[in-house]
There are 2 protein chains.
Amino acid sequence: MAKVSLREQVLRVREDAIIAAVNRLLSDKGYDLMTVDEVAAEVGIAKASLYRHFPSKEALAAAAMVRVLRQTLGVIDAEAARAQRPPLERLAAVTRWAIERQLAGEMPSLPSQNSSLRAVLLADKDYIELLMKVSDRLGEWIVQGQQAGEIDATLPPEVVLYTLFARACDPVPGFLKAGGQYDDERIVALVLATFLKGISGSAAPASNSAR
Amino acid sequence: MAKVSLREQVLRVREDAIIAAVNRLLSDKGYDLMTVDEVAAEVGIAKASLYRHFPSKEALAAAAMVRVLRQTLGVIDAEAARAQRPPLERLAAVTRWAIERQLAGEMPSLPSQNSSLRAVLLADKDYIELLMKVSDRLGEWIVQGQQAGEIDATLPPEVVLYTLFARACDPVPGFLKAGGQYDDERIVALVLATFLKGISGSAAPASNSAR
DNA sequence: GTCTATAGCCAGATAGAC
DNA sequence: GTCTATCTGGCTATAGAC
C-alpha cells in the first residue's frame, strides 16, 4: 500500500505545483480571465504537458477546488480537536481562516454560472464528496450553536451555512483593501464581526424589515 | 430645450431596448459569458447595428451599470421623500430592493477584476458621478443611523456601505433559490434580516472573534 | 441606419518529433 | 512526458452593399 514509485512521487509534486499555480491565478483573475497559457507559464512547462496531467481547463479549476476543500476539512478537523470550544467559536475560526486566505490571494473563486464548469464539478466525485463532508461538519456546529442559543434559531441552518460559504468570495474585504485605510488584520476583524453578529442569537432588531 | 425630434425619440427607445437586453444577459450569464451576438439576437437587430449605438462591449456593460445606478438613485429619492423614517429603515428598503431585483434576474453584475472593463467604467463620467452620488446619499443615512444608535457605531461607515453594495451580487439568494425550499419573499426576508442584524447597533456577541 | 459577410484575434486543445 | 508548432472554434469588431 505504502509502496509508491519514485516516478509517481515526481508526478505528484508536479501536479501539486500545477494546482498551486491554478489556485493563485484563479484567486487573482478568476476562471474566465485565467488562461491555460498563463498556467503553463507560471509552472514553467509547455501547455501540451499540462494537458497530459489534466484533460481540460475545467478539470484544472476542479482540482483547485478539491484542494481548497481538503484544506478546509483540515481546518475543521483541527478546530474539532480543541475540546470544550463553543460551536460558534469553531465556526468563527473556520470563517476567519477563509477570509484571511481570500485576503492573501489564495482562495480560488469560480463563477457560479458557467454551465460547463458546473457540469464538470458536479461530475467530480471527490469534489462532491468533500463538499458534502464540509457541509455536514459545519452544519453540525450550526445546529449545536442554535441549540445553545449562540446562533439565531429562527434562521434555517442552510442560510447560515451559505452565508458562511459566501465569505470565501465576499468582495467587501477586497474593497476595503483597495481603499488602503486598514491593514489585513483589521479588515478580517470587521468582516468577521459583521458576519457573526448577522447570525447571532439575539432577536432581529428591525422587526418588519422596512418595506 | 424640450424640442426632441421624433428621430431622437426612436433612437432612445431602441437604445433602451438594447440596454434592457444587456441588463438581462449581464445578470443571467455575467460579462464574460455574454456575447455581443446574443445581445443583438435578443434585441432583434444585427450586430453591426448594435455597434452603431455603442462603440464596444465594454460600453454596453457600462450603459447597463449607469442605468441601474440611476434606478437606485430613484429608489433612494423615493425613500427620502417618506418623512419621519428612521435611517436604518430607509437603508433596509434600498437593500431590499437590490436583493429583490437580483432574485428577479435584473441586477447586472460585473467581474470586479476585468481590467479593460474597469478602465472604461472609471472613464465614464456618468457612471462615476452616479456612483459617488449613491454612495453619498447612503453614507448620510448610515452616519445618521449610527448617531441614532440603530447602526453599530464602531463600524466605519464604509464597511456598512460596502456590505450593503455587496448584497447586489450576493450568491446566497441564488443558492437558496436553487435549493427550491423557499419562495422569493422568504429568501429576501432571511438575507435582509441577516444583513441588518450584522450592522445593527448592539454590541458584538463574540468579543474576541475566535482565533 | 440596417443588413450580410468577413476580417482578425485569441484561447483551448492536439499532432507529432524527440 | 516534454517540447514546438499547429489546428479549430468562437468572439469582437468592421467593411461595404443597400
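Residue numbering restarts at 1 for every chain, and letters A, B, ... go by the order of the sequence lines. These numbers come from the heavy atoms of this one structure, side chains and all, not from hydrogens, waters or symmetry mates.
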Fill in: Nucleotide nearest A/Arg7 when distance is taken to its side chain, options D/dG1, C/dT4, C/dG12
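Of all the options, the side chain of A/Arg7 is nearest to D/dG1.
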
Between [N] ([atom2]) and [X] ([atom1]): distance, integer Å:
| X | N | atom1 | atom2 | value |
| --- | --- | --- | --- | --- |
| A/Leu50 | D/dT2 | CG | P | 10 Å |
| B/Lys47 | D/dG16 | NZ | C1' | 16 Å |
| B/Asp37 | C/dT4 | CG | C1' | 13 Å |
| B/Arg52 | C/dC3 | CZ | C1' | 11 Å |
| A/Asp32 | D/dT12 | CG | P | 12 Å |
| B/Glu15 | C/dT2 | CD | P | 10 Å |
| B/Leu117 | D/dT12 | CG | P | 13 Å |
| A/Met34 | C/dA13 | CE | P | 10 Å |

Worksheet item: Between A/Val36 and B/Leu11, which is nearer to the 5' end of DNA chain C once each is assigned its nearest nucleotide?
Response: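 Checking each residue's closest nucleotide, the 5'-ward one belongs to B/Leu11.
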
Discussion item. Go nucleotide by nucleotide along DNA chain C from the 5' end; which of A/Ala48 and B/Ile45 gets its closest nucleotide reached first?
Written reply: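 Per heavy-atom nearest nucleotide, the more 5' residue is B/Ile45.
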
Worksheet item: Do B/Arg67 and B/Asp16 sit within salt-bridge range, that is, some charged N less than 4.0 Å from a carboxylate O?
Response: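 No, B/Arg67 and B/Asp16 are not salt-bridged.
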
Worksheet item: How would you label the contact of B/Ser49 with the nucleic acid (heavy atoms, under 4.0 Å): base, sugar-phosphate, or nothing?
Response: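 Base, at least one base heavy atom under 4.0 Å.
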
Practice prompt. Evaluate side-chain contact (heavy atoms from CB on, under 4.5 Å) for B/Met132 paired with B/Ile128, printing each intermediate quantity in order.
Written response: CA-CA 6 Å; B/Met132 289 180 56; B/Ile128 295 297; 4.0 Å; yes

Worksheet item: Any idea which heavy atoms bring B/Pro173 and B/Ile187 closest together, and the distance?
Response: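 So the minimum-distance heavy-atom pair works out to CA-CG2, 3.8 Å.
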
Practice prompt. Name every residue in residues 54-67 of chain A that has at least one heavy atom under 4.0 Å from any atom of DNA chain C, in order of residue number, or write none if there are no such residues.
Written response: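 Within residues 54-67 of chain A, the residues near DNA chain C are A/Ser56, A/Lys57.
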
Discussion item. Would you say B/Gln144 and B/Arg90 are linked by a side-chain donor-acceptor pair, where the criterion is simply a distance under 3.5 Å?
Written reply: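 B/Arg90 vs B/Gln144: no donor-acceptor pair found between side chains.
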
Phosphate OP1/OP2 of [N] contacted by [X] side-chain N/O (<4.0 Å):
| X | N | result |
| --- | --- | --- |
| A/Tyr51 | C/dA13 | yes |
| A/Arg14 | D/dG1 | no |
| B/His53 | C/dG1 | no |

Practice prompt. Would you sort out whether B/Leu50 and B/Leu60 count as a side-chain contact (heavy atoms from CB on, under 4.5 Å), showing the intermediate values?
Written response: CA-CA 9 Å; B/Leu50 239 183; B/Leu60 282 173; 4.0 Å; yes

Worksheet item: When rounded to the nearest 0.5 angstrom, what distance separates OG1 in B/Thr154 from CG in B/Asp152?
Response: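 Those atoms lie 3.0 Å apart.
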
Item to complete: Show your reasoning for whether side-chain contact (heavy atoms from CB on, under 4.5 Å) applies to A/Met65 and A/Asp124.
Response: CA-CA 11 Å; A/Met65 294 309 291; A/Asp124 188 320; over 6 Å; no

